[in-house]
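We name chains A, B, ... by the order of the sequence lines, and we start the count at 1 in each one.
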Amino acid sequence: MTPEFYDHDGPGGKPTGVNGDEQMTLVMYKSMPDLHLTIEDMIAEDDKVVCRNVWRWTDPKSGKKKQFHGFVMWRFEGPRIAERWATVTPPAEGTPWSARPGQEKKS
Amino acid sequence: MSAAVQSNSALIASYLEGVIRKDASAVDKYFHPDVEYVVNGVETQDRARKLPPITQECHTALPWLGLHRGREAVKAFLTHMHRNLEVTAFGPREVISEGNRAAAFGWFRLHTLPTDRTVDISYSVFFELRDGLIVKYHFLENTFDVATAFRVGGSWLIDADGVKHRIPAETKEA
């Protein structure tokens, strides 16, 4: 990220900078130890990239599979990210990332 | 900015302005007859599992959310939504485009009719075009903020950081 990185939609929907996003990521890694991100779709144009993502993980306390979805856009300055926008859904119970129709494990 | 970006930017701007004007003809003008119009997510898991699920709780709070197939279903969604809220403005938006797909990020100003509240909500929309018309439209917004704008009573008890916090009801009169 650039030193002046600006996240328009940081934690709680509030703008933040490099430190805010670093803290958000660390919290996610701690509370979602097996977090897996699937990029379902991607659009790139000039200095911007948008991804349609699904985040899936196992809740360590309950053992339940969880997921949330969202669209994230980044603007680059050279090789570094200068801005971020995001809209995500609330966490919900979900399926393991590897389970696609017809691939579910039978118990 | 490429011609495609200008075109998709103008397309989404025209449609969103149609939503503000409650102009149902915008649906016929900008959407493909086979449009798949998703507002936040789906009540029943889609086969590819690409779309977010909406909980029954969320759907009860905001019953116009979900998947709407075809132009008439989109018009019915807009009519249902406009019985409950008005969109009075859309803020500056970023639009990017690649081939027949595009995405927009911005905010809109929502006025709830039953609770008479006005709030600004961030949104993003991912859309796909066929024959110059939108054939896939997936709109995401902060449903918590939207539902809160309609809330008229009831407190919440939240367990976070090892402490239980009570969030009192935000009533219109409060």
Does a sphere of radius 6.0 Å around NZ in B:Lys136 hold more than 12 heavy atoms from other residues, nucleotides or ligands, not counting ones at 6.0 Å or beyond?
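Open: at most 12 neighbouring heavy atoms sit under 6.0 Å from NZ of B:Lys136.
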
What do you reckon, is NZ of B:Lys22 surrounded by more than 12 foreign heavy atoms closer than 6.0 Å?
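Buried by this count: over 12 neighbours within 6.0 Å.
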
For a quick test of reading the model, state the closest non-hydrogen atom pair linking [X] to [Y] and the distance between them.
| X | Y | result |
| --- | --- | --- |
| B:Leu140 | A:Thr89 | CD2-CG2, 3.7 Å |
| A:Arg52 | B:Lys50 | NH1-O, 4.3 Å |
| A:Ile43 | B:Ile96 | O-CD1, 3.5 Å |

Mind checking what makes side chain to side chain donor-acceptor pair (under 3.5 Å) contact with B:Lys29, not counting sequence neighbours?
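None.
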
Side chain to side chain donor-acceptor pair (under 3.5 Å) partners for B:Thr143, two or more places apart:
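Checked B:Thr143 against side chain to side chain donor-acceptor pair (under 3.5 Å); zero matches.
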
Flag yes if [X] and [Y] sit in one hydrophobic cluster, no otherwise; membership is Ile, Leu, Val, Met, Phe, Trp, Tyr, and two members link when side-chain heavy atoms are under 4.5 Å apart.
| X | Y | value |
| --- | --- | --- |
| B:Leu16 | B:Val119 | yes |
| A:Phe76 | A:Met73 | no |
| A:Val72 | A:Phe68 | yes |
| A:Leu37 | A:Val88 | yes |
| B:Val135 | B:Leu67 | no |

Who in residues 122-129 of chain B is close to chain A, using a strict under-4.5 Å heavy-atom cut-off?
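The list, in residue order, reads B:Ser122, B:Tyr123, B:Ser124, B:Val125, B:Phe126.
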
Which of residues 52-66 of chain B get closer than 4.5 angstrom to chain A, counting heavy atoms alone?
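So far as heavy atoms go, B:Pro52, B:Pro53 are the residues that approach chain A to under 4.5 Å.
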
Under 4.5 Å heavy-atom distance to chain B, tell me which part of A:Ala92 shows up: side chain, backbone, both or neither.
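The side chain, not the backbone.
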
Quick one: are A:His8 and B:Phe105 in side-chain contact, heavy atoms under 4.5 Å?
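They are not in contact (no side-chain heavy atoms under 4.5 Å apart), so the answer is no.
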
What is the distance from atom CD of B:Glu94 to atom CD of A:Glu83, rounded to the nearest 0.5 Å?
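B:Glu94 atom CD to A:Glu83 atom CD measures 6.5 Å (nearest 0.5 Å).
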
Main-chain N/O of A:Ala44 paired with B:Glu98 side-chain donor or acceptor, under 3.5 Å:
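Yes, because the side chain of B:Glu98 sits within donor-acceptor range (under 3.5 Å) of the backbone of A:Ala44.
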
